[in-house]
Amino acid sequence: MKNKNLLLTIVALVAVVVGGIFLTNKKDDKKPQTEGETVKVGVLQFVTHEALDEIYRGIQDGLAEEGYKGDKIKIDFMNAEGDQGKIATMSKQLVSNGNQVLVGIATPAAQGLANATSNLPVVMGAITDPVGAKLVKSLEQPGANVTGVACPEPIAQQLDLIKTITPNAKTIGVLYSSNEDNSKLNVETFTELAEKEGYTVLAYPVPSSNEIASTMSVMTSKVDAIWIPQDNTIASAFKTVVASNKEAKVPIFPSADTMVKEGGLASVVVSQHGLGVSTGKMVAKILKGAKPAETPVDVVDQGAPIINKKVAAELGITIPEEVEKAAGEIVE
Ligand code: TRP
């Protein structure tokens, strides 16, 4: 009896020790997650606007497609609401919250995360120019802990569309935020291309969304068309842009499907939801063990035209038949 008790005690002790070793091993184990475990992913969205919201939905869909759904994943989501201070504090929080992979939606959010950690993987969600924004060394060989999805705008096609829909336009105004690295390169590229085609380009950078209405009232009296890059500040206040154009009725060519749906005239765009899905799949790849340093940036740049016919009617513009036929989407 006594021996049996001793034996039981020994068995129990061995079980505890062996179990303990297993548990500690697991904690130290940096290997990819196996089935049945819950992964933790931190997401920082720069600001609220239709396009970024749609990208976040796409990220969740892309992860789900790869099996990360339900209790297989816990998403730690934060939104900095366009506030640089919040980007810094939220980035630190997401790093210390025990997340395995971090995702930055839009350039300022990805930059905040990249500044907060040099070892946790950071996946860029829909970044216009990852090299220009100093997030990666090169698209093919990111080199550090950051990789993700880039969405350079199909600017040449966008300019072609402006030419076809508004053939008499001579002066194009460009509205963007002076604080977003993502807009700088695109504005330069657009200006260069448009000037080569003989247009006069007038740039109107705004320091914040507070200056949009007043800038629009000056700008609309000087230009024949307006082009807007993938700018988060402008996208988040796009209703103000449209409202300030009510009387002037200048055709607006923005760079996202969401902005065309909200009152822009037309554009050549990549799907925002699709950008999110690609980002979600990239996160899954990293969760399964891929190293950001050696994982090339996924460049999504195949655009399709989108036209808002309701806006065209309001502006008294007839969309050429061939443009309508080529459109990937028509907003009625
Ligand atoms: N490309 C933007 C960036 O790098 C983010 C973005 C994605 C965006 N889709 C958009 C901005 C649509 C405005 C509109 O920050």
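Note: hydrogens, waters and symmetry copies are ignored here, and every other heavy atom, side chains too, is used. For ligands, and for the atoms within them, numbers begin at 1 and follow the listed sequence. On a predicted model such as this, the values are computed, not experimentally measured, just so you know.
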Novice: Which one holds for A106 and ligand 1: side chain close, backbone close, both close, or neither close, with close meaning a heavy atom under 4.0 Å?
Specialist: both

Novice: Do other residues, nucleotides or ligands put more than 12 heavy atoms under 6.0 Å from the NZ atom of K285?
Specialist: no

Novice: Establish whether V47 and V43 are linked, either directly or via other cluster members, by ILVMFWY side-chain heavy-atom contacts under 4.5 Å.
Specialist: yes

Novice: Pull out every atom of ligand 1 sitting under 4.0 Å from any heavy atom of H49, numbered as shown with elements.
Specialist: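 What qualifies from ligand 1 is 11 (C), 13 (C), 14 (C).
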
Novice: Which ligand 1 atoms does I127 reach within 4.0 Å, using its non-hydrogen atoms?
Specialist: 4 (O)

Novice: If you group Ile, Leu, Val, Met, Phe, Trp and Tyr by side-chain heavy-atom gaps below 4.5 Å, do V136 and L44 land in one group?
Specialist: yes

Novice: E211 and S208: side-chain donor and acceptor closer than 3.5 Å?
Specialist: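 Side-chain D/A pair, E211 to S208: present.
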
Novice: Can you sort out which atoms of ligand 1 are near A235, meaning under 4.0 Å from one of its heavy atoms?
Specialist: 13 (C), 14 (C)

Novice: Any chance NZ of K163 has more than 12 other-residue heavy atoms, nucleotides or ligands included, within less than 6.0 Å?
Specialist: yes

Novice: Within less than 4.0 angstrom of ligand 1, does M259 place any heavy atom?
Specialist: yes

Novice: Only one of N232, T233, D231 forms a side-chain hydrogen bond (donor to acceptor under 3.5 Å, both in side chains) with S183, so which one is it?
Specialist: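 So the option named by the test is D231.
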
Novice: Where's the contact between C151 and ligand 1, heavy-atom distance under 4.0 Å: side chain, backbone, both or neither?
Specialist: side chain

Novice: So if I count the atoms of ligand 1 from 1 in the order they appear, which ones are less than 4.0 Å from some heavy atom of Q272?
Specialist: 7 (C), 9 (N), 10 (C), 12 (C)

Novice: Spell out, yes or no, whether L185 and M124 are grouped together once hydrophobic residues are joined by side-chain heavy atoms under 4.5 Å, including indirect joins.
Specialist: no

Novice: Need the ligand 1 atom indices (1-based, order shown) with element for anything under 4.0 Å from a heavy-atom of A51.
Specialist: 10 (C), 12 (C), 14 (C)

Novice: Hey, which atoms in ligand 1 end up nearer than 4.0 Å to a heavy atom of T107?
Specialist: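 Those qualifying, in numeric order: 3 (C), 4 (O), 15 (O).
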
Novice: Show me which atoms of ligand 1 lie under 4.0 Å from any heavy atom of I55.
Specialist: 7 (C), 9 (N)

Novice: What protein heavy atom sits nearest atom 6 (C) of ligand 1, and how far off is it?
Specialist: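 Here the nearest protein heavy atom works out to Q230 OE1, 3.6 Å.
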
Novice: How far is atom 5 (C) of ligand 1 from its nearest protein heavy atom, and which residue and atom is that?
Specialist: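 The closest heavy atom on the protein side is A126 O, 3.3 Å.
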
Novice: Ligand 1 versus T128, non-hydrogen atoms closer than 4.0 Å: side chain, backbone, both, neither?
Specialist: both

Novice: Could you tell me if any non-hydrogen atom of L275 lies under 4.0 Å from any atom of ligand 1?
Specialist: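 The answer is no, since L275 has no heavy atom less than 4.0 Å from ligand 1.
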
Novice: Considering heavy atoms of the protein only, find what lies nearest to atom 11 (C) of ligand 1 and give residue, atom and distance to 0.1 Å.
Specialist: N232 OD1, 3.3 Å

Novice: Find out if a path of hydrophobic residues (ILVMFWY) with successive side-chain heavy-atom gaps under 4.5 Å connects V297 to I55.
Specialist: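 Yes; tracing contacts between hydrophobic side chains, which count when under 4.5 Å, links both residues.
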
Novice: Between N99 (side chain) and L102 (backbone), is there a donor-acceptor pair under 3.5 Å?
Specialist: no

Novice: What residues join Y199 in its hydrophobic cluster, counting side-chain heavy atom gaps under 4.5 Å, either direct or through other members?
Specialist: I155, L159, L161, I162, I165, I172, V174, Y176, V187, F190, L193, V201, W227, F253, L265, V268, I307, V311, L315, I317, I319, V323

